[in-house]
Each structure stands twice: as structure tokens, then as C-alpha cells.
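Below is one structure; the comments refer to it alone.
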Amino acid sequence: MFDYSGFFADRLAALHREQRYRRFRPLSRSAGGFPRATWQPSVGAAHDVVVWCSNDYLGMSQNPRVIAAARAAAAQYGTGAGGTRNISGTHAPLVDLEAELAAAQRREAALVFSSGYVANDATLATLGQQLPGCVFLSDRHNHASMIEGMRRSGARIEVFMHNDAVDLERLLGQLDPALPRIVAFESLYSMDGDLAPLPALVATARRHGALVYVDETHAVGAHGPGGAGLVAAAGLSECVDVVQGGLGKAYGAVGGFITGRASLIDFIRSNAAGFIFTTALPPADAAAALASVRELRVDDALRGRLFDRVASVRRGLAALGVEPRESRSQILPLRIGDSGRCEQLAQRLLADFGLYLQPINYPTVPRGTERLRITPTALHDEAMIAELLSALRHYLPATRAVAA
Ligand code: PLP
């Protein structure tokens with residue numbers, strides 16, 4: 001008989017051997033205190049630490065008006081949504097949130113999913129399954145949720161070189177012009193912090209009659225007019241068929257969404273299993289997201305503060321000789337290039353300096369490019385930045401040789 005326990009134990013032992021076994025660090029944030037948090041080590045007393053790897057780029061998860069909206073919705077409607085959207089989950093905060101997202105993006109309609117992952121997976125799987133003979137053109141660095149959706153659809157997938165409109169043009173030129181095709185990529189890549197050449201990719205896709213699908217998970221809220229994202233900032237909203245976004249990053253809540261023309265959004269609403277067969281987002285989460293989207297449509301100050309902090313950290317990293325040159329955003333990767341060394345550096349920074357940076361290992365990034373991903377937020381102050389840079393200065397001589 002098959003030895004299930006032996007199988008699991010062997011696979012876990014391999015992860016340990018390769019030094020990429022994932023250890024979660026018990027970390028509690030405290031509303032009003034972020035980016036400070038409390039870390040509970042496996043032995044000994046809890047410590048105060050500064051978090052440097054959160055996607056809560058604007059600190060909206062602890063914004064008093066966002067918290068008040070969540071609290072009021074829970075008091076008014078209760079906690080869970082009580083069912084799928086069809087059964088009993090189409091509550092007022094969710095309806096209002098979809099209207100607000102469509103307005104923020106200046107698109108006809110929006111649809112909210114339980115996460116950004118599910119938004120990508122469900123939408124791409126549905127489009128690939130339903131469009132007859134569909135071919136995906138997928139950027140080589142696309143997020144796992146997009147890859148999973150495209151794979152599950154069973155449609156043909158052609159992968160183009162990262163951010164390379166010439167390679168995209170070559171692949172599109174080889175396709176039967178009668179076939180439907182979808183060009184899928186991110187506007188802001190979450191591990192390198194680099195940006196897509198939006199005008200070139202969009203123009204190439206349009207020339208070949210492709211649907212354009214852009215993941216803006218790390219861009220919405222933090223970039224573009226009123227936080228509408230990088231597609232809107234480039235004035236390309238009319239040329240992009242689907243913008244996908246996350247509510248759990250700069251918006252500080254949870255969930256994911258797509259926006260686009262009404263017929264496409266209604267088609268996904270009517271066909272996507274990952275939307276239809278799951279309990280709707282709870283009212284408190286939808287209300288929190290709604291308050292956050294509303295506030296970030298009119299408040300540019302937080303975005304300004306975020307990019308001041310990013311510039312400050314970037315200058316400090318440059319002075320240490322480790323400027324993340326590929327990054328054009330709030331995500332500043334510090335490449336270490338070895339999972340063991342990356343883990344050890346993260347441990348030291350946490351234990352000796354109270355700085356929390358999560359090591360990022362394979363399969364999230366390719367082997368040999370393991371890194372610490374530094375994400376300044378609008379709420380880090382100059383003293384915290386000085387502390388981070390001084391700690392890195394202490395350790396970098398040991399790691400400089402392998403830093404990119
Ligand atoms: N798309 C990208 C580019 C991401 O980085 C992530 C998550 O980190 C997702 C989608 C999934 O978003 P969520 O965390 O809301 O599921």
C-alpha cells in the first residue's frame with residue numbers, strides 16, 4: 001500500500017535540505033501602530049519590530065475611517081455574507097463597492113472576488129475555456145494566479161519574454177488571425193518592482209486584435225489618478241479590456257476585482273466558477289474596501305508620502321552599493337542569491353535589529369535570485385529608514401559578494 005506519511009515526510013525533508021522550508025513568523029500588528037508590530041519568537045519574550053515587507057503600502061488597513069466603516073457594517077449586517085452572490089451574498093456594501101470601483105477606473109462595470117488570486121484564476125480560466133480556440137500570450141514573469149487560470153482553461157499558452165513587445169509581436173504574428181487571443185501581463189511586477197512598457201504592449205496587442213488583460217494588484221490605490229492604477233495613468237483605460245486589481249494591498253482590506261466593459265464583466269459574472277460557487281465577501285470587508293477606495297480617490301497626500309519614503313530608501317541602498325536598478329516602484333528587492341544566506345540575513349535583522357523582512361525563495365522567485373523584498377510604506381518615518389540602512393550596512397559586507 002502507498003506510504004502517504006513517508007511521501008509527505010520525504011517531500012518536507014527535501015524542502016529543509018534545500019533551505020526553502022517556509023517558516024511563518026508570528027507577528028501581530030496593532031491598529032494605529034503600523035509599521036510597528038509585535039513578534040513572538042518560538043522561545044522567549046515578545047519583541048517590538050518594524051515591518052519592512054508589507055503590501056499595506058499606504059497603511060489603509062489601520063485608517064480610522066476604514067476601521068469605522070468595517071465596524072459599522074459588521075454591526076449592521078453581521079459578520080458573514082451568508083451565501084454566494086446568487087443565494088444571499090449581494091449585500092449593499094458589495095454593490096456599492098463594485099459601483100465605486102467602476103467609477104474609480106472610469107469603466108462600465110466591476111466585479112468583486114474573494115481575493116486577487118481568485119479574480120485572476122477565475123477570469124482567465126473562464127475566458128480561455130469559453131472563447132473557441134483561444135490562445136494566451138503570457139508575460140514570462142506573470143504571477144502564479146494568472147498562470148494557474150490560463151493552465152486550467154486548457155487553452156494554448158505562448159509565453160513572451162518579460163516586458164518584450166518585439167517578442168510579443170513575433171508570437172502574435174505566427175497565430176491564425178481568425179483565433180481569439182488574450183495578451184496577459186502585470187503593470188507592476190511584485191518581486192522586481194519593475195513596470196510594464198504599457199504603450200508598447202497594448203499597441204502590439206491591439207494591432208493583432210487581442211483582448212488585453214492587465215493585473216494591477218500592486219498598482220491600484222498606490223498609482224495613477226485617484227489610485228486608479230498605471231493603465232489609467234498612461235491614459236490607456238479605453239484600450240485595455242480587463243484591469244484586475246487587489247483590495248488587500250494598497251487598499252488595506254481583502255478581495256480582488258476586475259473592471260471593464262459591461263458585457264465582458266457580465267459574461268464573467270455569469271460563467272466563472274470561482275465567482276459563482278463561493279460565499280461572497282463579508283459586508284465588513286466590502287465596507288472597509290469601499291471606504292478605502294473612496295478615500296484614495298480624493299487623497300493624493302498618502303501616495304506622495306509613500307513615494308518620498310521610497311526615494312529615501314532607494315538613495316540609501318544606492319549609497320550601500322545595492323540599488324535595485326530594475327525597480328521603478330515602491331517594491332525594492334535586495335537580491336541575495338542563495339536561500340540559506342537569505343534566510344540567515346532575515347533572521348539576524350529580526351533578532352538583532354527588530355527589522356522584519358521576509359526572505360523570498362523559490363518557487364516565488366527563480367533559484368539564484370533569492371531576495372529580501374523591501375517595501376517602504378507611507379507610514380515609515382526617516383528614523384525607521386535610518387535604522388534599516390544602518391542594519392543593512394552592518395551585514396552587507398558579508399553578503400555584498402552575492403548581491404545583484
Ligand atoms: N497578482 C499579483 C501580481 C500578486 O502579487 C498577488 C498576490 O500577492 C495576486 C495577484 C493575488 O492577490 P491576493 O493576495 O489578493 O490574492
Side-chain angles (χ1 to χ4, degrees), residues 22 24 51 53-58 60-61 94 97 101 110-125 136 138-152 159 162-163 182-196 198 201 212-224 227 229-231 240 242-259 268 272 274-275 278-282 285-286 288-289 292-293 326-333 358-366 369 371 373-375 377:
R22 289 174 188 234
F24 296 153
V51 178
C53 55
S54 168
N55 297 322
D56 191 3
Y57 303 120
L58 302 171
M60 292 306 279
S61 72
L94 206 37
L97 173 60
L101 286 166
L111 191 66
V112 169
F113 297 79
S114 42
S115 73
Y117 187 105
V118 174
N120 274 334
D121 178 58
T123 305
L124 290 170
F136 283 111
S138 171
D139 186 284
R140 202 166 147 251
H141 286 189
N142 272 344
H143 188 258
S145 53
M146 299 169 82
I147 297 171
E148 193 59 27
M150 291 185 269
R151 278 204 191 126
R152 283 199 314 105
V159 176
H162 178 52
N163 276 350
I182 299 172
V183 174
F185 57 92
E186 299 174 31
S187 62
L188 193 175
Y189 286 84
S190 62
M191 289 299 140
D192 289 321
D194 58 333
L195 307 183
L198 283 168
L201 291 179
V212 184
Y213 183 103
V214 184
D215 174 325
E216 293 233 65
T217 296
H218 292 272
V220 289
H223 293 260
L230 289 160
V231 167
V240 169
V242 180
V243 161
Q244 178 271 5
L247 298 167
K249 317 290 192 207
Y251 286 129
V254 67
F257 65 88
I258 55 170
T259 62
I268 298 299
F275 173 81
T278 188
T279 299
L281 211 61
D285 293 319
S292 183
V293 174
E326 63 277 60
S327 165
R328 291 281 172 277
S329 69
Q330 73 274 25
I331 296 168
L332 303 172
Q358 180 64 28
I360 313 271
N361 293 331
Y362 176 82
T364 307
V365 294
T369 73
R371 65 198 66 181
R373 179 177 168 276
I374 304 174
T375 53
T377 71

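We number each residue from 1, following the sequence as shown. None of the values given here were measured: they were computed from a predicted structure. Whatever order the structure lists ligands and atoms in, that order sets their numbers, starting from 1.
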* Asked: Quick one: does Leu201's side chain get under 4.5 Å of Val183's, heavy atoms only?
  -> no
* Asked: With sequence neighbours left out, what residues match Glu186 under side chain to side chain donor-acceptor pair (under 3.5 Å)?
  ->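 Partners of Glu186 by the side chain to side chain donor-acceptor pair (under 3.5 Å) criterion come out as none, since no residue qualifies.
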* Who pairs with Thr123 by side chain to side chain donor-acceptor pair (under 3.5 Å), at least two apart in sequence or on another chain? -> none
* Asked: Between the side chains of Arg22 and Thr364, is a donor N or O closer than 3.5 angstrom to an acceptor N or O?
  ->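 Yes.
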* **Polar contact flag, side-chain donor to acceptor under 3.5 angstrom, Gln330-His218** =>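 No, no side-chain donor-acceptor pair sits under 3.5 Å.
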* Using a 4.0 angstrom limit on heavy atoms, which residues are close to ligand 1? ->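 Contacting ligand 1 under 4.0 Å are Ser115, Gly116, Tyr117, Asn120, His143, Ser145, Glu186, Ser190, Asp215, Thr217, His218, Lys249, Gly255.
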* Pairing residues for Tyr189 by the ring-ring contact (aromatic ring centres under 6.0 Å, His included) criterion, not counting sequence neighbours ->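 Scan of Tyr189 (ring-ring contact (aromatic ring centres under 6.0 Å, His included), adjacent residues dropped) gives His162.
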